[in-house]
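For reference, the structure is listed below as structure tokens.
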Amino acid sequence: MTSLTAIQLTFDGLLLGGVYAALGIGLNLIFGIMRVVNLTHGDLMVLGSYLAFTLFTAFGTSPLLSLVPGAVIIFAIGWGLQTAFFGRLREDNQREVLSLLLAFGLSSVIQNIILVVWGGDFRSVPLYTGSWHLGSIAFQKVHAVAFLFALTFTAVTWLLLHRTDFGLALRAASQQSSGARVCGVDVERVRRLAFGVGSALAGMVGALIVLMYAVSPQIGSDYVLKAFAIIVVGGLGSFPGALLGGALIGLGETFGGYFFGGNMSSIVSFVLLILVLLIKPSGILGTQRA
Amino acid sequence: MNRRTLALGAIVVAILCILPFVATSYITAFVLSLFLSIGLTYAWNLLSGYTGYLSFGQVTFFGIGSYATALMIINWQVPWLLGALISGVCVVPFAALLGAIMLRLRGPFFAIGMLGCAQISQRIVAQLPMTHGGSGLYLPPIQSIVGVYFVMGTVALGMLLLTAAIHSNSFGLRLRSIRDAEDAAEMLGVDTTRMKIAAFAIASIVPAVLGGVDAWYLSYISPPSAFNSAIDLQTVAMGVLGGLGTVWGPLIGALTLGLLGEFFWAQFPQIHLGLLGLVIALVVLYLRRGLVSVVPQLLRARRKAFAT
């Protein structure tokens, strides 16, 4: 491999990694904070993709704009999932197992809804074609645009978590829910909002993904695995960890795709996930115990 | 199991033995599919119901069994039953190794890991040149389904009896202790790691064998069909609906969903998967112990009604 190829792959990997990081941050809000194994995260991302696709085919709006109403809708869905389903589980020792089963079942329901409404064909939104050049490195316009948007989401989420009362309440509720309650935090309401925000992030990433790749109802399962790989590798509950995890998974996919072929690239993220879980379960920048 | 249950069971088994010779091929094929579901659900229950380690990756072994058997039949003319049994045996060391790695992971991560296993095993098998990738493998057409019927029925019955035997003996109790309080069990001297790997390996044999038999039955397999995630979805739904970690749960769950599937959802195949997911969600929220827990309540209510 020439050094130019390596630089190209690194660049592409980091651009992809930015988008993946946003997906991971959304999941971190839900799993890192509430320990809910949110298997629906990938499907909600796909839902965001399909909503963006529909608005594009109906009105010609770019996903970059339609991700706003899309985010609102998916926020509501996420909020609803926590209220109607995950929030109803009692806090006993069975809760982890049950929330996992619940997420598994709901994931299947969402995938089926998408399938029924939009059909099983692959869809994409072919806007922003063409490449830009930076010296001898070429990168697709669409990847750069998606990266910038993902970075914006990430920054906004960071501000939300660290500069608002909601963010403070969220972090308090995740560290010590009983202590937070004593301080007057409505923990259940915070959880619902967190689920909503995390899901909305997934939906917005979905709008970016549909610009870059083709989506189908089933790929939610692939992406939720990627999202878990990202937050586990980077470190559960760690915000910079999700960025690092996104970068590593992105790089893993570009380099993996180069060496092993496109089909096998997702195996790289899986292998990374398992390796990190075995060696350092809290992840590279993780603070919590896995 | 008491004498009355055994007697009833013997009668049912006798009826099932005569069935393929007197009933239509449609009914025979339907009962055969029930056997398949029952067997798979019991295997999943043995691992996930008893140890509490939910695996969404049983289809990994089903697919491997399918392909291994199919390749043996095609390339070496191995008789189908022998091929399926060999697959079952050969999958054990692989499962033990996989389990040794995966079971180090705590609950949610084990589930995610197994979910990933199911996905990547499909991709890997599709890449291998000998499997002809997406075009799939064609097997010699099957002449009579009676053989498959009895094999699957035997597996289903065998798993039921095995679960009944394990449930109350020391192995089963140790498995259940892992589900209830793993750290406490470890401290009391239960070798949780070995128990988990043992359950994992045992639970891998049945899907592998059934996968092999199913490949022969269908005469054609492809990566998406052999590694179909719907198999895991259905198995989980049946296990959860019936009752996790119980002796009769998998049977009740498999029969209920199998019958419902045949009569209702066959009308609406496009929402089949979503309905299975909904069943799981509703059972988790409102009937977490499964249908098995409902039966004693019903019996008590009936006895009360007759007493007064």
Side-chain angles (χ1 to χ4, degrees), chain A residues 31 35-39 84-86 88-90 92-94 96-116 119-120 217-218 221-222 224-229 232 236 260-261 263-271 273-278 281 289-290, chain B residues 48-49 51-54 56 98 100-102 104-113 115-124 126-127 133-134 179-182 224 229-230 232-234 236-237 239-240 244 268 270-286 288-289:
Chain A
F31 181 68
R35 313 298 292 187
V36 169
V37 185
N38 187 16
L39 294 176
F85 295 101
F86 295 102
R88 284 189 199 263
L89 294 174
R90 276 175 274 144
D92 57 20
N93 63 346
Q94 288 246 304
E96 254 190 18
V97 163
L98 293 178
S99 72
L100 186 51
L101 284 170
L102 190 52
F104 185 65
L106 290 172
S107 164
S108 179
V109 172
I110 297 176
Q111 280 192 11
N112 208 158
I113 292 176
I114 295 176
L115 179 66
V116 167
Q218 299 88 5
S221 310
D222 293 335
V224 77
L225 265 161
K226 267 199 254 270
F228 271 103
V232 165
L236 287 172
F260 304 117
N263 220 359
M264 304 283 275
S265 62
S266 47
I267 297 186
V268 173
S269 27
F270 178 70
V271 169
L273 167 69
I274 299 296
L275 278 176
V276 170
L277 280 175
L278 290 176
R289 264 235 60 221
Chain B
S48 301
T51 66
Y53 276 76
L54 292 177
F56 299 129
L98 186 65
I101 298 174
M102 287 294 174
R104 289 178 190 274
L105 311 175
R106 278 279 162 177
F109 299 109
F110 171 74
I112 295 167
L115 196 60
C117 261
Q119 292 193 9
I120 69 167
S121 57
Q122 176 180 341
R123 300 234 173 110
I124 293 180
Q127 299 277 85
R179 181 189 66 191
D180 293 335
E182 183 165 358
S229 56
D232 274 327
L233 180 63
Q234 185 177 276
V236 171
V240 164
L244 286 171
F268 309 107
Q270 64 270 35
I271 57 173
H272 181 56
L273 297 179
L275 281 176
L276 285 175
L278 194 60
V279 165
I280 296 176
L282 291 175
V283 168
V284 164
L285 288 176
Y286 299 117
R288 54 163 70 179
R289 297 217 181 281

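Naming: A, B, ... by sequence-line order, numbering from 1 per chain.
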(request) Give, as side chain, backbone, both or neither, the part of A:Val232 having an atom under 4.5 angstrom from any heavy atom of chain B. (result) side chain
(request) Could you tell me the separation between the CG atom of A:Leu100 and the CZ atom of A:Arg35, rounded to the nearest 0.5 Å? (result) 12.5 Å
(request) Tell me, for A:Val116 versus chain B, whether the close heavy atoms (under 4.5 Å) come from the side chain, the backbone, both or neither. (result) side chain
(request) Working to the nearest 0.5 Å, report the span between CG of A:Leu275 and CZ of A:Phe270. (result) 10.0 Å
(message) Let's test your reading of the structure: which of B:Asp180, B:Asp232, B:Leu273 forms the most heavy-atom pairs below 4.5 Å with chain A?
(response) B:Leu273
(message) If you count heavy atoms of other groups shown closer than 6.0 angstrom to CZ of B:Arg123, is the number above 12?
(response) yes
(message) I'd like to verify something: which residue of A:Asp222, A:Leu106, A:Ile113, A:Val97 has the highest number of heavy-atom pairs under 4.5 Å with chain B?
(response) A:Asp222
(request) Heavy-atom pairs under 4.5 Å with chain A are the metric here; pick the option from B:Cys117, B:Ala126, B:Ala181, B:Gly52 that has the most. (result) B:Cys117
(message) Any side-chain to backbone donor/acceptor pair from A:Asn38 onto A:Ala103? Under 3.5 Å, distance only.
(response) no
(message) Counting heavy-atom pairs under 4.5 Å with chain A, which one of B:Ile124, B:Ile101, B:Leu244, B:Leu105 comes out on top?
(response) B:Leu105
(message) Applying side chain to side chain contact (heavy atoms under 4.5 Å, CB included) to A:Phe31 and B:Ile112, what does each step give before you reach the verdict?
(response) CA-CA 13 Å; A:Phe31 181 68; B:Ile112 295 167; 5.8 Å; no
(message) Using heavy-atom distances under 4.5 Å, tell me whether A:Leu225 contacts chain B through its side chain, its backbone, both, or neither.
(response) side chain
(message) Within the structure provided, determine whether B:Leu233 and B:Ile280 are in side-chain contact (heavy-atom separation under 4.5 Å).
(response) yes
(request) Would you mind checking which part of A:Phe85 comes under 4.5 Å of any heavy atom in chain B, side chain (CB onward), backbone (N, CA, C, O), both or neither? (result) both
(request) Side chain from CB out, backbone as N, CA, C, O: work out which of these in A:Ile274 comes under 4.5 Å of a heavy atom of chain B, or both, or neither. (result) side chain
(message) Out of B:Gly113, B:Ala230, B:Gly107, return the one with the most heavy atom pairs under 4.5 angstrom to chain A.
(response) B:Gly113
(message) Heavy-atom cut-off 4.5 Å, strictly under: side chain, backbone, both or neither for B:Tyr53 against chain A?
(response) neither
(message) Report which part of A:Glu96 has an atom under 4.5 Å of a heavy atom belonging to chain B: side chain, backbone, both, or neither.
(response) side chain
(request) Against chain B, label A:Leu39 side chain, backbone, both or neither, depending on which of its atoms sit under 4.5 Å from a heavy atom there. (result) side chain
(request) Take the angle between the ring planes of B:Phe56 and A:Phe104 and call it parallel below 30°, perpendicular above 60°, tilted in between. (result) parallel
(request) Under 4.5 Å, counting heavy-atom pairs only, tell me which of A:Val224, A:Leu98, A:Val37 racks up the most with chain B. (result) A:Leu98
(request) Show the numbers, then the answer: is there a side chain to side chain contact (heavy atoms under 4.5 Å, CB included) between A:Leu278 and B:Arg104? (result) CA-CA 7 Å; A:Leu278 290 176; B:Arg104 289 178 190 274; 3.6 Å; yes
(message) Which atoms of A:Ser221 are under 4.5 Å from chain B, going by heavy atoms: the side chain, the backbone, both sets, or neither?
(response) both
(message) Check for me whether B:Arg288 meets the cation-pi criterion with B:Tyr286, that is, NZ or CZ under 6.0 Å from the six-membered ring centre and within 45 degrees of the ring axis.
(response) no
(message) What part of A:Leu273 gets within 4.5 angstrom of chain B, counting heavy atoms only: side chain, backbone, both, or neither?
(response) side chain
(message) With heavy-atom distances below 4.5 Å as the criterion, would you say the side chains of A:Val109 and B:Leu276 are in contact?
(response) no
